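One structure is given below, encoded as structure tokens.
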Amino acid sequence: MEFKNRDIISINDFSKEELLYILKVAKQVEQKPKNNLLKGKILAALFFEPSTRTRLSFISAMEQLSGTVIGFSTATVTSIQKGESLWDTIKMTQQYADVIVIRNPLEGSARLAAEAASIPVINGGDGSNQHPTQTMLDLYTIQKTKGTLENLHVGFVGDLKYGRTVHSLVIALSHFNPTFYFIAPDELQIPENYLDELFQKKVKYYKTSDLMRFSKELDVLYVTRIQKERFPDLVEYEKFKGIYRIDQGYLQNVKKELKIMHALPRVDEIDKSIDKTPHAIYFEQAANGIPVRKALLALVLGKISSRN
Ligand code: CP
């Protein structure tokens, strides 16, 4: 298992053992912070798309470990506006930093950046494709709150077609003998290639458009926003916006121990009154971005040993 100089592009690139090791390091980092761990190191945060949690938690993680951050939160202030390619942007950035985190709307852009760079590249979300560090903090959150990742009944509701956090988490959890419940209208159901992979791995799953059908089965419900920005046709988006809403009525039909997750931002898919209930763990989930991203930065920069 080697993490030094490694790119973090897709959750498919990580074994079960490696994922568990990352969670173990995150726990150590959370319990015993080492505040000078990344002193002298520079993170380039290249965000071509809006972000609150991913960008700010990477900056905060780096700065809490005494590293520094350069970068941008919109491409409009960069020479991309003058026609510079992503490849050349990365070739330049690697001269100024030790590690790159990139968010870009093009699927495959993080992989391209990793090919261009000789320093580690971390995918902060590439279009509808993958968001691996979100998945690692999702796993950390589930492990922390449920006490295990094994044998869980996990529902995903909303936009399962464009929701990259769902795509990454389904692959990651498939190592842990889950049962999945995909709750979405046909048009927004999880893409077939993910179902093919689950079939090959003999993972049990159910598909439905009915939010209530499996509500009593679930240990975890992962709620997603309808991803307006990914719809080629906004008329289609209008058809589906607001289609599912988790409210007090929903809670009448769930296990007492159900945990409700959301990568955030939410629009209207979870009623605010849910926030105060013991079911809601989405703010804690976002906070877990700090230990997990600290662990990842320290691992790829070789400041924490990759040995188990
Ligand atoms: N969860 C997540 O990726 O949030 P942001 O889009 O705010 O970074």
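Here, residue 1 is the first one in the sequence, and each next residue gets the next number. Everything quoted here is computed from the prediction, not taken from an experiment.
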Assert yes or no for the condition that the ring centre distance of Phe72 to Phe48 is strictly below 6.0 Å.
yes
Under 3.5 Å: donor-acceptor pair, side chain of Glu2, backbone of Lys4:
yes
Has the side chain of Gln95 got a donor or acceptor atom that lies under 3.5 Å from a matching backbone atom of Lys91?
yes
Salt bridge or not for Glu150 and Lys16, using N-O below 4.0 Å?
yes
Would you confirm whether Thr224, through its side chain, and Val157, through its main-chain N or O, come within 3.5 Å as a donor-acceptor pair?
yes
Kindly say whether Val121 contributes a backbone atom to a donor-acceptor pair with the side chain of Asp7 at under 3.5 angstrom?
yes
Ionic contact status for Arg266 with Asp275, cut-off 4.0 Å
yes
If only atom types and distance count, is the side chain of Gln252 paired as donor or acceptor with the main-chain N or O of Gln248 below 3.5 Å?
yes
Verify the distance criterion only: is there a donor paired with an acceptor across the side chains of Thr208 and Asp210 at less than 3.5 Å?
no
Compute whether any side-chain donor of one residue and acceptor of the other, for Ser215 and Asn253, lie under 3.5 angstrom apart.
no
Is Asp268 salt-bridged to Arg245, cutoff N-O under 4.0 Å?
no
Under 3.5 Å: donor-acceptor pair, side chain of Asp159, backbone of Gln227
yes
Indicate yes or no: does Arg6 engage Glu18 in a salt bridge with an N to O separation below 4.0 Å.
yes
Look only at the side chain of Ser168 and the backbone of Thr165, and say whether a donor-acceptor pair between them is shorter than 3.5 Å.
no
Does the pair Glu107/Arg111 count as a salt bridge with the N-to-O cut at 4.0 Å?
no
I'd like to know whether NZ of Lys27 has more than 12 heavy-atom contacts from other residues, nucleotides or ligands below 6.0 angstrom.
no
Heavy-atom pair of closest approach, residues Ser57 and Ile290
O-CD1, 3.6 Å
Under 3.5 Å, is there a donor-acceptor pair between the side chain of Lys201 and the main chain of Ser174?
no
So, Lys41 side chain and Leu301 main chain: donor-acceptor pair closer than 3.5 Å or not?
no
For Phe182, run the ring pair (Phe, Tyr, Trp, His ring centres under 6.0 Å) check against Phe156, Tyr222, Phe214, Tyr206 and tell me which one passes.
Phe156
Please answer whether the main-chain N or O of Lys161 pairs with a side-chain N or O of His167 as donor and acceptor at a distance below 3.5 Å.
yes
Under-4.0 Å salt bridge between Glu30 and Lys144:
yes
Are the charged groups of Arg230 and Glu49 less than 4.0 angstrom apart, N to O?
yes
